[in-house]
Structure formats: structure tokens, C-alpha cells
2 protein chains.
Amino acid sequence: MADAQPSTRLRLTMAAAQLFQEKGYHGTSVADVLAMTSLPKGSLYHHFPDGKADLARAAAKLASDVMLDIVTAAYEPAEDFTQGTTRLAEKFARLFERHAHWRACPVQTLLLEGPMEAEMAPLLQGWIDATATQATRLGHPEPDTAATRVWVTLIGCWTLADAQKDPAPLRAMPGLLL
Amino acid sequence: MADAQPSTRLRLTMAAAQLFQEKGYHGTSVADVLAMTSLPKGSLYHHFPDGKADLARAAAKLASDVMLDIVTAAYEPAEDFTQGTTRLAEKFARLFERHAHWRACPVQTLLLEGPMEAEMAPLLQGWIDATATQATRLGHPEPDTAATRVWVTLIGCWTLADAQKDPAPLRAMPGLLL
DNA sequence: CTGCCATTAGACCATATGGTCTAGACCAAA
DNA sequence: TTTGGTCTAGACCATATGGTCTAATGGCAG
């Protein structure tokens, strides 16, 4: 007891986020989402009248918010920007090790295929902006450039880690920025 | 007259490479490939008995070979490694501008979704190795590290460029390595 | 209790998709 | 010319998929 299950809408969104992250937009069927949540079709089309695309939007938003939380959690306790970046990379490396769907950046598949490629840019930019804010707070002289460098390198390392099925490139990432 | 169309097998492979690069494995149907080549189904399943997966393998190999050619063409005439890297980034930026399917790294979608994720790692590694060879030839002190850094940063910049629909991050990429 | 509304439930449908199969065209060797 | 193999052609099939529709269900305001 005390299950306190999240709302139906949130359950669908979370399952969808996980599946899209892992298998991409076209690789995930609405039946997959339904199976993972044990919910009937009616619920899905009630909460997301536009169906799969609608669900993908919500999932991307959710995933992006999680990313923002991770950025904050990484940099907030850090003493300087470099240390925060190292904490960030370590967090992603841990997630990579523990959960199959974290083997790829949450939004990468949705960015590459599927009907909402265009909507992904602001999300990615949001992560960069949040990182730049932290860089400013930590006294970095060029916050925007630094934040962009972090994310560009992070995404590249993530891709390499995915290919190698090994989080090592993620952990090596802060070293590449020096 | 002097059309000299490539073989049926090659036509299929090229079309598949382009479509997979653009829309991913699940986002591309065999009907799409057939439509692009104006070939009947029988030809496809004659040359690729295992169907779509078989075709994807050939397409990935072809795309990878093209990448290796581009690496060679970029570094061969260069005077030093940095100059070669700049030439490489510029080549991809040009392709990005001219062809829709070059908006993403050829192998990225196949790496993230589809049945042959595992087979992508050696291809990516091949590009890194080829780059390392060039780095050695050009007298770089740490060829392996340098080559890895180039590709990690390149892929990250490519992703950002895709999101922003602007090749600027690709052109800015060599500057990030200094 | 009653009526209303949001939600759940899942049968049902049209289409898209990957794949098979048989018939025939083409071509080179005998 | 015949024969045998390769390749083209596309009709055909089973299944998967996204989406619709109507019928319950449950809680809550009156």
C-alpha cells in the first residue's frame, strides 16, 4: 500500500519518455507504451487527443525538465565550474550504467527522427542556458561559450559511450575541456 | 548514353543509406527505398535476402566508407593536424548546407535505434583510427587522444547544428579544440 | 439517491509494412 | 536454338500499427 501511483497522464508520459529515449519515435509503438503502463487505449487518447505525437511532446518536455534538474543538482554544490562539469558527467555515467534507456541522451532520438525535430532545439538550448547561468554564478569569464562547449562535448562523448557500450567516454569528458 | 547507371545493388544501397541517414531505421520503409530507386521488390529481396536489416548493414558500410574518404581528403593535403581538422569540419558544413540527409551524422540514427546498434561501434572506431593515422603522419604528439577529441566534438557539434538547423556549430568546432 | 462528468475499457477499423512466391525477361554458354 | 542460371516484376499475404467509437465505471455535487 502507500503506492500513491502517479496520475494516469504522468504514468503514460514517463513510460513514453523512457521508450522514446531507448527506441526512438518510430521504434516505439503506442502499444508498447500501453503495455508498459498496463493502461487501455482509451486513457491514452483521452489524455493525449492527438495521439502519439502529442505523447512525444509531453515526453520530451518531461525528459528535458529532468535534465534541467540534473544540471542544477550537479553545479549547485560545486565550488567552481570545472568541478560542476565533472559532477555532471559523473551523474550521466551513473545513469548510463544503471538504466538501459540512459545509454543515449534523452532527446537525441527525437531530434533525429520523428515529427517534432523542430521542437527539440529549444529544449537543448534550455540546458545550455541553465548551464551558462551556473557558469556565471561560479564566476566563469565566458559562461555562454563554456556552456556550449560542455554540451557539445557531452553529447559527443555520450554517443561514443553508447557505441562502445561503456560509460568511460562520459567520465573522460571533463578532461577533454581543459 | 553514357548514363552508366550503377548496379541495382548499389542503387539500392545508396538510396537506403540516404534514407536511413535522414529518417532512421524504423522511419524508413522498404517501400521508400523502392520508390526512390524505382525498382521492384523482387530485386531488393534478391540482392538482400534478409531484407531491411541486410540493406541497413550494406548502407551503413557504404556510409562509413564515404566518411573514410572524406577524412582522407581533408587531412591528406593539410600541413598540420589542426588545419586538417578545420578542412574536415568545413566539408561537413558544406554537405550540411547542400543535402538534407547530411544534416545528421550518417550513422547516428542507426546507432540509436534499429537492430544493428552493435555493429556501428567498429565503423565509428574506424573513423577515429583513420584520423589518428593522419595525426601521426602530421606529427601530432598524441594521435589517439587527438583523434578521439576531434570526433567527439564533431559529433556533438553536428547534433547541435541539426537542432539549430544551422551549420555554424560545425564551423566553430575546430575552435573548440584549441 | 440521482444525475453528471471525467475517465477507463477494449472491440473494432483502415492502412502501412515487411516479407513470400510465382512468372517471366535477359543473357551467356553449349 | 536450346538450356540454365541470374535478375526483374509485382501480385499477394499476415501482421503490426495508429487511431476511432461506444459502452461501462466511478466519484462527486445537488
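All chains are named by letter (A, B, ...) in the order of the sequence lines, taking the proteins before the strands, and each is independently numbered beginning at 1.
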**Request:** Round to a whole Å and report the spacing from CD of A/Q5 to P of C/dT7.
**Result:** 16 Å

**Request:** Could you tell me the separation between the NE2 atom of B/H26 and the C1' atom of D/dA16, rounded to a whole number of Å?
**Result:** 13 Å

**Asked** Once you round to the nearest 0.5 Å, how far does CG of B/L55 lie from OH of B/Y25?
**Response** 8.5 Å

**Quiz item: A/K52 side-chain donor-acceptor pair to D/dG19 base, under 3.5 Å** = no

**Request:** Figure out the CG/C1' separation between B/L12 and D/dT8, and round it to whole Å.
**Result:** 11 Å

**Message:** So A/T28, base contact, sugar-phosphate only, or nothing? Heavy-atom distance under 4.0 Å.
**Reply:** sugar-phosphate

**Request:** Figure out the CG/P separation between B/D50 and C/dG19, and round it to whole Å.
**Result:** 9 Å

**Request:** Take the protein atom CG of B/L19 and the nucleotide atom C1' of C/dT17, then report the distance between them rounded to whole Å.
**Result:** 15 Å

**Item:** Interatomic distance, A/W158 atom CH2 to A/D162 atom CG [nearest 0.5 angstrom]
**Value:** 10.0 Å

**Prompt:** Taking only N and O in the side chain of A/H46, is any of them less than 4.0 Å away from OP1 or OP2 of C/dA9?
**Reply:** no

**Request:** Tell me which of A/V30 and A/G42 sits closer to the 5' end of DNA chain D, going by the nucleotide each one is nearest to.
**Result:** A/V30

**Request:** Verify whether one side chain among A/T159 and B/Q108 offers a donor that lies under 3.5 Å from an acceptor in the other.
**Result:** yes

**Prompt:** Quick one: CZ on B/F92 to CE on B/M67, what's the gap to the nearest 0.5 Å?
**Reply:** 3.5 Å

**Prompt:** Between C/dT17, D/dG19, D/dT8, which nucleotide gets closest to the side-chain atoms of B/S29?
**Reply:** C/dT17

**Request:** Quick one: pull up CG in A/L154 and CE in A/M173 and give me the separation to the nearest 0.5 Å.
**Result:** 5.0 Å

**Request:** Give the rounded distance in Å between these two atoms: CG of B/L44 and C1' of C/dT20.
**Result:** 13 Å

**Message:** Using whole Å, what does the distance between atom P of nucleotide C/dG18 and atom CZ of B/F20 come to?
**Reply:** 9 Å

**Request:** Report yes if a side-chain nitrogen or oxygen of B/T8 is closer than 4.0 Å to either non-bridging phosphate oxygen (OP1 or OP2) of D/dT8; otherwise report no.
**Result:** yes

**Item:** Residue B/H47, side-chain atoms from C-beta onward, closest of D/dA9, D/dG19, D/dC7
**Value:** D/dC7

**Request:** Whole angstrom is fine here: how far is it from NZ in B/K41 over to C1' in D/dA14?
**Result:** 12 Å

